[in-house]
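Note that the structure is a prediction, hence the values are computed from the model and not measured. Residue numbers start from 1 in every chain, and the chains themselves are labelled A, B, ... in the order their sequence lines are given, proteins ahead of strands.
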2 protein chains.
Amino acid sequence: MAEDTARTAESEQLEGSGQLEGAERQPPAGRDAEAVGQFVERFAARLVEAGLPRMPSRIFAALLASDSGSLTSAELGEQLRISPAAVSGAVRYLSQQHMVSRERDPGSRRERYRVHSDQWYEALANRDTVMKHWEAALRDGVHSLGATTPAGIRLAETLAFFEFVETEMPGLLSRWRIRREELFGEGPRG
Amino acid sequence: MAEDTARTAESEQLEGSGQLEGAERQPPAGRDAEAVGQFVERFAARLVEAGLPRMPSRIFAALLASDSGSLTSAELGEQLRISPAAVSGAVRYLSQQHMVSRERDPGSRRERYRVHSDQWYEALANRDTVMKHWEAALRDGVHSLGATTPAGIRLAETLAFFEFVETEMPGLLSRWRIRREELFGEGPRG
DNA sequence: CGCGGCATTCACAAATTTGTGAAGTTAAGG
DNA sequence: CCTTAACTTCACAAATTTGTGAATGCCGCG
């Protein structure tokens, strides 16, 4: 996989928000570019294991690790050392999965991709559409195999489970929001 | 692909229990081999979309669609028209994910692979180990990026969400069991 | 109104993954 | 103790997927 990753990494534009360095900009590149990179790698690996394609995983992880929660295509490309095409493709994928949203900086036409703090696990829970597909397939199966056959019954049961989970989701999320409030006060950024 | 596989196939033990159709029953082989196959295809497709490899998906779907909830390697190979090697590999994968369990028929050394009615969605919920890995990665990230940086905070929040979900799981599952009882009486098979 | 920069799309090349055939291993049955 | 039938492992071939380079389209700015 030739991952001898170049070292210098002048990725200082990684900073986006109040990064009052001021002090000797001498310290290691960017902020802990090293540490950031490592985290991105690791977390992306988890996502890959979970079934997400490689590039989308890396990009998502990078966004998650960025201070502003958003990066432009160029920044992503540079940080991850991938071509604009790769960024484009991966970002399209993530948009379709509702895992990132695209914004437009008023001035330039650099597009920003962002993870809303909440959005992403809500998306994770919100597999609504996906769920629906599964349920459709299962319903179909119940019908095909016969609702009274053992297999049909098993399928019906599985279907019921999906429906049950769907039912539970709203409550779970609202409990989460409460807990989140407890832990973090009101959320800092959107 | 060489499909010269013997078709003689005494796979009648596929049936397990009462076959009480009534309406126009299609005499063709097995039961509705046609319909079964179609369901297996479709459901497997969903699983693939969800990130599961192809063969494991097909095998899992086939097991789900079988009346007894269990099939032998040979049966799987024949029904899906794949080689024993493919069955072996896929089944190993599924075992590792705890999506099937292996049994041993006392007499012959044909191995049976089975989906417990519950087991599989419990496994789906029980991504314990997986969860732990994610949490570890996140914890690591919080530390690397600094617990007070915006990115670090976002990560901590995500971590909290995972922990929260883990907390909720037991309750959710037990509510499910109750509901399951309501809907299906006491579960038929284990 | 035209220029300059960005992002997207297309087609291809490379790399990873997938599934098969054949040999290897273990265990039942004569 | 040997034969036989299964499952597993190994190495390879094929097919799908992945990421890049180059060309195209867009939009804001001068």
Side-chain angles (χ1 to χ4, degrees), chain A residues 1-6 13 41 44-45 47-60 62-63 70-96 100-114, chain B residues 1-6 8-11 13 41 44-45 47-60 62-63 70-96 100-114:
Chain A
M1 31 247 311
E3 216 52 54
D4 52 292
T5 341
Q13 79 278 37
E41 292 301 326
L47 291 168
V48 168
E49 283 171 16
L52 211 68
R54 194 159 7 236
M55 277 301 120
S57 296
R58 296 181 67 201
I59 287 193
F60 187 80
L63 285 173
S70 74
L71 295 171
T72 66
S73 280
E75 290 167 340
L76 284 167
E78 182 185 345
Q79 181 181 338
L80 300 174
R81 286 272 152 62
I82 56 178
S83 72
V87 174
S88 178
V91 146
R92 175 171 32 164
Y93 178 94
L94 290 171
S95 298
Q96 285 174 349
V100 308
S101 61
R102 346 169 64 123
E103 297 178 359
R104 200 171 216 94
D105 267 351
S108 71
R109 56 230 157 287
R110 289 185 110 122
E111 203 135 5
R112 301 190 76 79
Y113 305 106
R114 145 160 294 154
Chain B
M1 313 36 187
E3 86 292 353
D4 52 286
T5 353
T8 62
E10 65 301 347
S11 63
Q13 77 273 41
E41 292 302 324
L47 291 168
V48 169
E49 283 172 17
L52 210 69
R54 198 159 7 236
M55 278 298 122
S57 296
R58 296 181 66 201
I59 287 194
F60 187 78
L63 285 173
S70 74
L71 295 171
T72 66
S73 281
E75 291 166 342
L76 285 167
E78 182 187 343
Q79 181 180 339
L80 299 173
R81 284 273 153 58
I82 56 179
S83 72
V87 174
S88 177
V91 146
R92 174 171 35 163
Y93 178 94
L94 289 171
S95 299
Q96 284 174 349
V100 307
S101 61
R102 345 169 66 123
E103 299 178 358
R104 201 171 216 93
D105 267 350
S108 72
R109 59 227 157 289
R110 289 186 111 120
E111 204 136 2
R112 300 191 78 80
Y113 304 106
R114 144 159 295 153

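In this structure B/Ala74 satisfies the side chain to side chain contact (heavy atoms under 4.5 Å, CB included) test together with B/Thr72, B/Arg110, sequence neighbours excluded. Every side chain to side chain contact (heavy atoms under 4.5 Å, CB included) that B/Ala85 has, sequence neighbours left out, goes to B/Ser83. Annotation: side chain to side chain donor-acceptor pair (under 3.5 Å) contacts of A/Ser73 (sequence neighbours excluded): A/Tyr113. Under the side chain to side chain contact (heavy atoms under 4.5 Å, CB included) criterion, B/Pro53 pairs with B/Pro56, B/Tyr93, not counting sequence neighbours. Shown here are the side chain to side chain donor-acceptor pair (under 3.5 Å) partners of A/Glu103, two or more places apart in sequence or in another chain: A/Arg114.
Looking at A/Ser95, its side chain does come within 3.5 Å of a backbone N or O of A/Val91 through a donor-acceptor pair.
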Close N or O pairs between protein and nucleotides 25-30 of chain C (under 3.5 Å):
none

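For A/Pro84, taking side-chain heavy atoms from C-beta onward, the closest of the listed nucleotides D/dT18, C/dT8, D/dT8 is C/dT8. The side chain of B/Ala74 has D/dC7 as its nearest neighbour among C/dT9, D/dT20, D/dC7. Proximity note for A/Glu111 (side chain, C-beta onward) versus C/dG19, C/dA7, C/dT9: the nearest is C/dA7. Ranking C/dT8, C/dG19, D/dT9 by closeness to the A/Arg102 side chain, first place goes to C/dT8. Among the nucleotides C/dT8, D/dT20, C/dT18, the one closest to any side-chain atom of A/Ile82 is D/dT20.
Within 4.0 Å of A/Ser73, counting heavy atoms only, lie sugar-phosphate atoms of the nucleic acid but no base atom. Backbone-only contact: B/Tyr113 has heavy atoms under 4.0 Å from sugar-phosphate atoms and none from a base.
An OP1 or OP2 oxygen of D/dA6 is reached within less than 4.0 angstrom by a side-chain nitrogen or oxygen of B/Arg110. Under 4.0 angstrom from either OP1 or OP2 of D/dG19 there lies at least one side-chain N or O belonging to A/Arg54.
Across the protein-nucleic acid pair, B/Arg92 atom CZ and C/dG19 atom C1' stand 13 Å apart, rounded to whole Å. Straight-line distance from the OH atom of A/Tyr93 to the P atom of D/dT17: 12 Å, rounded to whole Å. Rounded to an integer number of Å, the gap from A/Ile59 CD1 to C/dA7 C1' is 13 Å. If you take CG of B/Leu94 and P of D/dC7, they are 16 Å apart, rounded to a whole angstrom. B/Leu71 has its CG atom 12 Å from the P atom of D/dC7, to the nearest Å. One can place CD of B/Glu78 at 18 Å from C1' of C/dT20, the figure rounded to the nearest angstrom. Rounded to whole angstrom, the span from the CE atom of B/Met55 across to the C1' atom of D/dA15 amounts to 13 Å. Atom CZ in A/Arg81 sits about 23 Å away from atom P in D/dT18, given to the nearest Å.
Comparing A/Ala85 and A/Pro53, the nucleotide of DNA chain D nearest to each residue sits closer to the 5' end for A/Pro53.
Side-chain contact between A/Gln79 and A/Arg58 is absent, with no heavy-atom pair separated by less than 4.5 Å.
Atoms CG and CD, from B/Leu76 and B/Glu111 in turn, are 11.5 Å apart once rounded to the nearest 0.5 Å.
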